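Before any comments, here is the structure.
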Amino acid sequence: MCRVERRVQRRMPGLEILLIVAVCLVSVEECRSYSPAREKRWTGAETEKRGVPLAKKPPDVTKSRKVKTEQLLRVDDHDFTMRPAFGGPAVPVGVDVQVESLDSISEVDMDFTMTLYLRHYWKDERLSFASTTNKSMTFDGRLVKKIWVPDVFFVHSKRSFIHDTTTENIMLRVFPDGHVLYSLRVTVTAACNMDFSRFPLDSQTCSLELESYAYTDEDLMLYWKSGDESLSTDDRISLSQFLIQKFHTTSRLAFYSSTGWYNRLYINFTLRRHIFFFLLQTYFPATLMVMLSWVSFWIDRRAVPARVSLGITTVLTMSTIITGVNASMPRVSYIKAVDIYLWVSFVFVFLSVLEYAAVNYLSTVQDRRERKLRERLRAQSLSCTCGLPHTRTMMLDGTCSEADTNSLAGYTDAPMMPQEVDKREHMVVHLSVSNASTATKKKGLRNFSIIQNTHVIDKYSRMIFPGSYIFFNLIYWSVYC
């Protein structure tokens, strides 16, 4: 028994091997019997049974290996630090501009701010590529740093930047034949030499100038791509103080003594200032202050506080208006139109104050002269009474006539007693000055009647001041409008 068991145990590994081989053979047969065509037919049959049309799945292009853009445009095969056709004729670069907005005009800084789309057109055969559809390729600003682009800059610009929200506003479009469109969105602040001699009734012409920084006209030729149609503007562009009359383009050569001649392009626009704002804020207040100063001509000359305070108030108000206007303007060395109007108005207000000063002074002189004349007449009347306390009313010509002497024979020439002096104080004596002295005084009063009569001065001022100011306004508005 022990021997039999040992034989069985020795045969067991051989049986296991046979079982494993049999299982492998069965698996191989099953794999051979599986057919993809059969599965495809089954799938199609099932799809047809379900009524779903059979669609071909498009290939996944993201998994296929494509040629890089740099390799398609052969960027690495050329030296793009040099311009196209280096050593040959000047490369023509067309330019067109679309003005998006005219943001602000500053009279104090003498500049303007504009946002625009600047586009360049040129041909670079180094960027040509093979294409069966003849369609262009569009890129962003990352490719611009690897190829040649025109070095156009803004002449007389103070500040400028390319918009970068949310990415850099740069577009590059390349056509199969090598033509390139390069577009960017720029905001630029440039200087504008303004003439304020007719301010605020003026018109200003400003220009934005474009020029190549490094390439002269022998290497790069800038030109407007479509002439005057190269400049387009938005119809909604408007400014608070100006009316945009027109936009137009020009071009010419600019010469620098150290480098040579360059092509320069100009974007010119004409602005006309709105006058209504200044009519409300400057001209009307100044005119009202001048008219207010004329009110003093109708106030009694003895009302000193009223006339003086009115004159000082109008003078100070005119000074405030002049200061406010000059604060918002550059400190130019010539006279502006608004300065002429304001300063003439200021002179009219100031003259109305001087008019009352003259009236007050002449009134004082006249009162002094009348006081002296009354005292002189009183003295003459006292010397011609001839000591007659009982005479109530007498007409004297400076001497006592013979009839008066005879009629007064009963009176003595002795000095009067104090009681008689008190009685004479209640007497009413009408004096008649001699013919010669009366004629002389009347002639002098006629010569100085206008000067001495303060009411006459105010009367003439009521006509002269308004008439002169109206005449000045007619000349002013006819010249500057």
Side-chain angles (χ1 to χ4, degrees), residues 95-120 141 144 149-171 182-213 222 224-225 228-252 254 262 264-278 281 324-332 336 338:
V95 176
D96 68 31
V97 172
Q98 180 178 350
V99 179
E100 181 182 2
S101 64
L102 192 58
D103 301 326
S104 63
I105 306 290
S106 176
E107 292 87 358
V108 178
D109 299 327
M110 285 194 180
D111 58 22
F112 66 93
T113 302
M114 178 186 295
T115 301
L116 51 90
Y117 295 95
L118 179 61
R119 304 184 183 96
H120 309 77
V144 174
V149 294
D151 58 341
V152 176
F153 78 106
F154 298 101
V155 185
H156 306 308
S157 66
K158 297 181 179 180
R159 298 174 299 275
S160 60
F161 63 92
I162 299 175
H163 291 261
D164 55 0
T165 305
T166 58
T167 59
E168 282 189 323
N169 297 167
I170 298 176
M171 186 268 289
Y182 173 49
S183 176
L184 62 160
R185 182 168 174 253
V186 186
T187 294
V188 57
T189 300
C192 178
N193 296 324
M194 301 181 184
D195 182 16
F196 297 106
S197 58
R198 298 177 63 89
F199 175 87
L201 306 169
D202 58 334
S203 296
Q204 302 295 339
T205 300
C206 300
S207 61
L208 184 63
E209 305 171 12
L210 295 83
E211 182 182 308
S212 173
Y213 190 84
L222 281 178
W224 290 112
K225 187 175 182 298
D228 291 337
E229 297 180 357
S230 300
L231 179 63
S232 59
T233 59
D234 193 344
D235 296 335
R236 295 175 295 178
I237 296 179
S238 62
L239 295 172
S240 59
Q241 293 189 17
F242 291 93
L243 172 65
I244 303 175
Q245 292 185 324
K246 64 176 180 178
F247 278 89
H248 64 281
T249 60
T250 56
S251 61
R252 67 184 183 189
Y262 294 82
R264 182 177 295 182
L265 306 181
Y266 296 83
I267 302 173
N268 304 312
F269 54 95
T270 304
L271 305 173
R272 184 171 182 83
R273 196 182 305 273
H274 293 301
I275 188 59
F276 189 71
F277 172 80
F278 295 94
Q281 300 296 327
V325 172
N326 292 329
S328 61
M329 294 297 298
R331 299 178 180 178
V332 296
K336 304 181 291 293
V338 68

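These figures come from a predicted structure and were not determined experimentally. Counting from 1, the numbers follow the sequence of the chain as shown.
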Is the backbone N or O of [Y] less than 3.5 Å from a side-chain atom of [X], with the two atoms forming a donor-acceptor pair by type?
X      : Y      : answer
Asp109 : Glu107 : no
Gln204 : Asp195 : yes
Ser230 : Lys225 : yes

Taking the side chain as every heavy atom from C-beta outward, state whether [X] and [Y] have any atom pair closer than 4.5 Å.
X      : Y      : result
Val144 : Glu168 : no
Leu265 : Thr249 : no
Leu184 : His120 : yes

[atom2] on [Y] to [atom1] on [X], rounded to 0.5 Å:
X      : Y      : atom1 : atom2 : result
Ser251 : Arg264 : OG    : CZ    : 12.0 Å
Ser212 : Leu210 : OG    : CG    : 11.0 Å
Asp164 : Arg185 : CG    : CZ    : 10.5 Å
Phe112 : Phe242 : CZ    : CZ    : 12.0 Å
Ser160 : Leu208 : OG    : CG    : 9.5 Å
Tyr266 : Leu231 : OH    : CG    : 15.5 Å

(Q) Are His156 and Phe154 an aromatic pair, judged by ring center distance below 6.0 Å? (A) no
Q) What orientation do Phe161 and His163 show, parallel under 30°, tilted 30 to 60°, or perpendicular over 60°? A) tilted
Q: For a side chain to side chain contact (heavy atoms under 4.5 Å, CB included) with Leu271, tell me which candidate from Asp202, Thr205, Ile244 qualifies.
A: Ile244
